[in-house]
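Computed from heavy atoms alone, side chains included, the values below leave out hydrogens, waters and symmetry copies. All values derive from a computational prediction rather than experimental measurement.
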Amino acid sequence: MYAQERHQQILLRARADGRVDVAHLAAELDVTPETVRRDLSALERLGLVRRVHGGAIPVERLGFEPGIADRERMLAGEKERIAKAALDELPDGGAIILDAGTTTVRLAEMLPQDRELTVVTHALPVAIVLATRPNITLHVIGGTIRGRTLAAVGTWAERALADVRVDTTFLGTNGLTVENGLTTPDLAEAAVKRALVAAGRRTVVLADHTKVGRSDLAIVAPLSAVDTLVTDTGINAELADEIESAGPRVVRA
């Protein structure tokens, strides 16, 4: 098993159980305890776990949320495939919303140059990518910028979005379950995400498989508000079936 595969398994176990133990992981993964300690140190450097005596705890359990630089390094290939598959969800013309997130930035980079599109975003990284594109009419929503996501939040952003109607909202999420729908760690960001969903005739969620099956603090929207989930082939098949039964179409990239 490659190191990246071990890291993904360790992270999934940590998020599912709330804690991982070095000795148990070594036996489960058939590696030495020293290898597990190195893996945990690597995940800690990425901001995804915090080392504790004998093991580690996922950052979500400690109230942390990985920043953009940390998230950019994780599952880059999966995010690239998700963004490419999401191109099929674009309208032929008209208007879209791009939410904040590393996968939506990749989608922004891939937007076709032979099609006139109006793009609304509250995310500074998305705006930077699209600002000079001649075929894009860009509208940037203002507000208080969250340093962790570089997204505008607050009542200013929510009021501006109340005046917007687009064909498709492309939304990111930190967690997605059948029971709780879409969730995120920050209450202010959740409020803006709800406004993004309300502003779109369709909502397409872009989320890699590690987001599926986990919940965070703030509820954004139920799955009934989602038209399509674009994820990767690492998603658990049973979870995918449960999600489709709840309403959204699931696309595996």
Side-chain angles (χ1 to χ4, degrees), residues 1-83 100-106 125 146-151 172-177 179-180 182-187 189-190 205-218 229 231-240 252-253:
M1 182 182 295
Y2 293 110
Q4 187 176 18
E5 294 174 301
R6 288 199 311 274
H7 294 173
Q8 291 180 21
Q9 288 201 24
I10 291 170
L11 189 58
L12 287 172
R13 175 56 60 87
R15 286 171 169 169
D17 297 347
R19 178 192 172 98
V20 287
D21 176 85
V22 170
H24 289 161
L25 283 175
E28 181 179 333
L29 299 173
D30 195 23
V31 295
T32 66
E34 186 55 36
T35 296
V36 173
R37 292 189 188 97
R38 286 198 299 269
D39 290 338
L40 293 177
S41 294
L43 289 170
E44 186 173 45
R45 286 194 298 272
L46 291 173
L48 297 169
V49 301
R50 290 292 182 272
R51 297 291 302 277
V52 297
H53 181 70
I57 295 174
V59 292
E60 294 87 356
R61 296 299 176 100
L62 296 175
F64 291 98
E65 180 185 1
I68 287 176
D70 296 328
R71 288 183 283 122
E72 281 281 1
R73 291 191 286 266
M74 293 298 293
L75 302 173
E78 286 85 346
K79 292 175 181 179
E80 194 81 11
R81 296 198 305 272
I82 291 168
T102 53
T103 310
T104 49
V105 170
R106 283 173 168 77
R146 278 195 77 214
R148 193 160 290 278
T149 60
L150 297 180
T173 188
N174 294 78
L176 185 156
T177 64
E179 298 78 15
N180 296 324
L182 309 178
T183 54
T184 192
D186 186 77
L187 290 167
E189 194 129 9
V205 173
L206 312 183
D208 67 68
H209 71 275
T210 65
K211 312 290 180 58
V212 181
R214 54 167 291 208
S215 292
D216 276 297
L217 170 69
L229 165 65
T231 185
D232 60 81
T233 54
I235 187 173
N236 178 278
E238 291 183 5
L239 275 177
R252 300 168 179 84

**Q** In Å, rounded to the nearest 0.5 Å, how long is the span from CG of L40 to CG of L25?
**A**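 The CG atom of L40 sits 6.5 Å away from the CG atom of L25.
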
**Q** Mind checking side chain to side chain donor-acceptor pair (under 3.5 Å) for N236 and listing every partner two or more places apart, or none if nothing turns up?
**A**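 N236: no side chain to side chain donor-acceptor pair (under 3.5 Å) contacts found.
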
**Q** Give, for atom CD of E5 and atom CD1 of I10, the distance between the pair rounded to the nearest 0.5 Å.
**A**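 That separation rounds to 12.0 Å.
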
**Q** Please report the shortest heavy-atom distance between A83 and T103, naming the atom on each side.
**A**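 In terms of heavy atoms, the two residues are closest at CB-O, 4.0 Å.
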
**Q** Counting only heavy atoms not in E238 (residues, nucleotides, ligands), do more than 12 fall under 6.0 Å from its CD?
**A**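 Atom CD in E238 is not packed in, count stays at 12 or less.
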
**Q** Nearest heavy-atom pair of V105 and P125: which atoms, and what distance?
**A**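 Smallest heavy-atom distance, with atoms named: CG2-CB, 3.7 Å.
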
**Q** Less than 4.5 Å apart, any side-chain heavy atom of L176 and any of K211?
**A**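 Not touching, per the 4.5 Å side-chain cut-off.
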
**Q** Indicate yes or no: at least one non-hydrogen side-chain atom of H24 is less than 4.5 angstrom from one of R13.
**A**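 The answer is no; the side chains never approach within 4.5 Å.
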
**Q** Should T210 and E78 count as side-chain neighbours, where that means a heavy-atom distance under 4.5 Å?
**A**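 Sidechains of E78 and T210: no contact.
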
**Q** Check the pair N174 / E189 against side chain to side chain contact (heavy atoms under 4.5 Å, CB included), numbers first and verdict last.
**A** CA-CA 11 Å; N174 294 78; E189 194 129 9; over 6 Å; no

**Q** Which heavy atom of L187 sits nearest to which heavy atom of A218, and what is that distance?
**A**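 Nearest pair, atom of L187 first, then A218: CD2-CB, 3.6 Å.
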
**Q** Working to the nearest 0.5 angstrom, can you tell me the gap between E80 CD and D208 CG?
**A**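 One gets 13.5 Å once the value is rounded to the nearest 0.5 Å.
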
**Q** Got a second to check how far E179's CD is from T177's OG1, nearest 0.5 Å?
**A**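 With rounding to 0.5 Å, CD (E179) is 5.0 Å from OG1 (T177).
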
**Q** In Å and rounded to the nearest 0.5 Å, what is the CD to CG distance from Q8 to D39?
**A**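 Going from the CD atom of Q8 to the CG atom of D39 covers 12.0 Å.
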
**Q** Between D216 and T184, do the side chains contain an N or O donor and an N or O acceptor separated by less than 3.5 Å?
**A**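 No, because no side-chain N or O of D216 sits under 3.5 Å from a partner of the opposite role on T184.
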
**Q** I want to check something: taking the side chain as every heavy atom from C-beta on, are R106 and L206 in contact at a cut-off of under 4.5 Å?
**A**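 No - every pair of side-chain heavy atoms lies 4.5 Å or more apart.
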
**Q** Does T183 have any side chain to side chain donor-acceptor pair (under 3.5 Å) partners at least two apart in sequence or in another chain, and if so, which?
**A**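 By the side chain to side chain donor-acceptor pair (under 3.5 Å) rule, T183 matches no residue at all.
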
**Q** Between A26 and P33, what is the shortest heavy-atom contact and its length?
**A**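 Smallest heavy-atom distance, with atoms named: CB-N, 3.9 Å.
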
**Q** Any non-hydrogen side-chain atom of R252 less than 4.5 Å from a side-chain atom of H209?
**A**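 No; the side chains remain at least 4.5 Å from each other.
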
**Q** Nearest 0.5 angstrom please: L229 CG to I235 CD1, how far?
**A**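 If we round to the nearest 0.5 Å, L229:CG and I235:CD1 are 5.5 Å apart.
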
